[in-house]
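These notes are about the structure you will find just below.
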Protein chains: 2
Amino acid sequence: MKKEHKHLTSFKSHLDQQYGQRGTIIREEYEEGFEAFKLGAMLQDLRKEQGLTQEQLALKCGTTKTYISRIENNASDIRLSTLMRIIHEGLGGHLKFKVDILLK
Amino acid sequence: MKKEHKHLTSFKSHLDQQYGQRGTIIREEYEEGFEAFKLGAMLQDLRKEQGLTQEQLALKCGTTKTYISRIENNASDIRLSTLMRIIHEGLGGHLKFKVDILLK
DNA sequence: ATCAAAGTTAGCTAATTAGGTAACATTTTG
DNA sequence: CAAAATGTTACCTAATTAGCTAACTTTGAT
């Protein structure tokens with residue numbers, strides 16, 4: 001496999017522990033890395049947790065598997081509105097931002 | 001004033017309490033709202049906390065006060081890369097995402 | 001090994017952001 | 001009030017995303 005998704009396994013086991021409970025909130029936090037921007041990995045993880053194919057996800061949020069693939073592989077920048085649409089309509093999720101600033 | 005920034009005051013007082021400390025991390029969390037998307041308000045708050053004008057901020061991150069104004073007033077969608085540039089280079093901050101999903 | 005499903009890549013086009021300049025409006029300061 | 005600083009809006013252009021189709025590749029199942 002070309003790509004590695006570091007926190008997939010740990011997150012997966014966490015999911016497994018909670019599996020069966022209803023109404024459980026998954027919180028997947030993505031911290032922007034120093035080198036590369038791996039939003040794609042987060043989206044791919046979330047999609048797989050829900051057992052969706054790229055095509056199924058694409059259908060839910062009105063795009064194509066082609067585009068989902070590009071996003072997951074960080075092949076393109078992405079608009080905020082598009083990111084939110086994928087998370088909302090595609091994954092049924094809720095996006096939050098946090099900004100940390102070190103005061104001088 | 002046309003716009004209101006609800007959490008500016010509370011955040012401001014919190015800042016005032018901590019003022020003078022060095023190395024303190026401000027965590028401004030923005031929860032995407034139901035109705036409208038107020039990323040602009042968050043960015044404006046953060047800018048003002050640092051005592052920057054739109055023009056000063058624009059200089060630091062290689063854009064114009066015109067553009068900063070448009071973003072703060074949610075007059076335009078924004079690319080992720082641009083958002084990150086403003087937060088990094090303009091505000092010296094660090095952006096994090098979180099996705100909450102309610103399991104079915 | 002073969003077939004089908006899933007994922008990736010390549011073009012092209014249309015829609016939208018980002019950059020630039022200038023004019024206008026609002027707020028602050030003296 | 002007057003002047004300066006700050007912020008907003010308008011318009012245009014260039015760069016980039018998003019959408020679309022099709023071909024190619026990889027993975028998984030039988």
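In what follows, chains are A, B, ... by sequence order, proteins preceding strands, each numbered from 1. Every heavy atom of this structure was used, including side-chain atoms; hydrogens, water molecules and symmetry mates were not.
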Let me know the distance between CD1 of B/Ile68 and P of C/dT17, rounded to the nearest Å. 16 Å
The test is side chain to side chain contact (heavy atoms under 4.5 Å, CB included); show your working for A/Leu43 and A/Ile68 and say whether it passes. CA-CA 9 Å; A/Leu43 291 176; A/Ile68 298 294; over 6 Å; no
A/Gly90 and A/Cys61 have their tightest heavy-atom pair at N-CB, 3.9 Å
Measure from NZ on B/Lys65 to C1' on D/dA10 and round the result to the nearest Å. 14 Å
Produce the list of close N/O pairs, under 3.5 Å, pairing protein atoms with atoms of nucleotides 15-17 of chain D; give distances to one decimal.
unit_1: D/dT16; atom_1: O4'; unit_2: B/Arg79; atom_2: NH2; d: 3.3
unit_1: D/dT17; atom_1: OP1; unit_2: A/Asp77; atom_2: N; d: 2.9

Heavy atoms, side chains only, cut-off 4.5 Å: are B/Ile101 and A/Glu49 in contact? no
Using whole Å, what does the distance between atom C1' of nucleotide C/dG7 and atom CG of A/Leu43 come to? 16 Å
B/Glu55 atom CD is separated from C/dG20 atom C1', nearest whole Å, by 14 Å
Which atoms of nucleotides 28-30 of chain D (N or O only) lie under 3.5 Å from a protein N or O atom, and what are those distances?
none

Taking the side chain as every heavy atom from C-beta outward, state whether B/Leu80 and B/Phe97 have any pair of such atoms under 4.5 Å apart. yes
Distance criterion of 3.5 Å, no angle test: do you see the side chain of A/Ser69 paired donor-to-acceptor with the base of C/dT9? no
Between A/Thr53 and A/Lys65, does the side chain to side chain contact (heavy atoms under 4.5 Å, CB included) criterion hold? Intermediate values first, please. CA-CA 8 Å; A/Thr53 67; A/Lys65 64 176 185 173; over 6 Å; no
Out of C/dT8, C/dG7, D/dT21, minimum distance to the side chain of A/Thr64 belongs to D/dT21
Length of the line joining A/Asn73:CG and C/dA10:P, which is rounded to integer Å: 12 Å
Donor-acceptor under 3.5 Å (A/Asp77 side chain, B/Arg79 main chain): no
Take A/Thr82 and A/Thr63 through the test side chain to side chain contact (heavy atoms under 4.5 Å, CB included) and record every step on the way to the result. CA-CA 10 Å; A/Thr82 307; A/Thr63 183; over 6 Å; no
B/Met42 and A/Val99 have their tightest heavy-atom pair at CE-CG2, 3.9 Å
Rounded to the Å, how far apart are B/Asn74 CG and D/dT9 P? 12 Å
Check whether any side-chain N or O of A/Thr63 sits under 4.0 Å from OP1 or OP2 of D/dG19, and answer yes or no. yes
Taking atom P of D/dG7 as reference, at what distance in whole Å does atom CG of B/Leu52 sit? 10 Å
With no angle test and no hydrogens, is the base of C/dA23 tied to the side chain of B/Thr66 by a donor-acceptor pair under 3.5 Å? no
Using a cut-off of less than 4.0 Å, is there contact between a side-chain N or O of A/Arg47 and OP1 or OP2 of C/dA6? no
Given the rule that I, L, V, M, F, W and Y join up when any side-chain heavy atoms are under 4.5 Å apart, are B/Leu59 and B/Met84 in one cluster? no
Closer than 4.0 Å, any side-chain N/O of B/Arg85 to the OP1 or OP2 of C/dT17? no
Separation of C/dT8 atom C1' from A/Ile71 atom CD1, nearest Å, is 14 Å
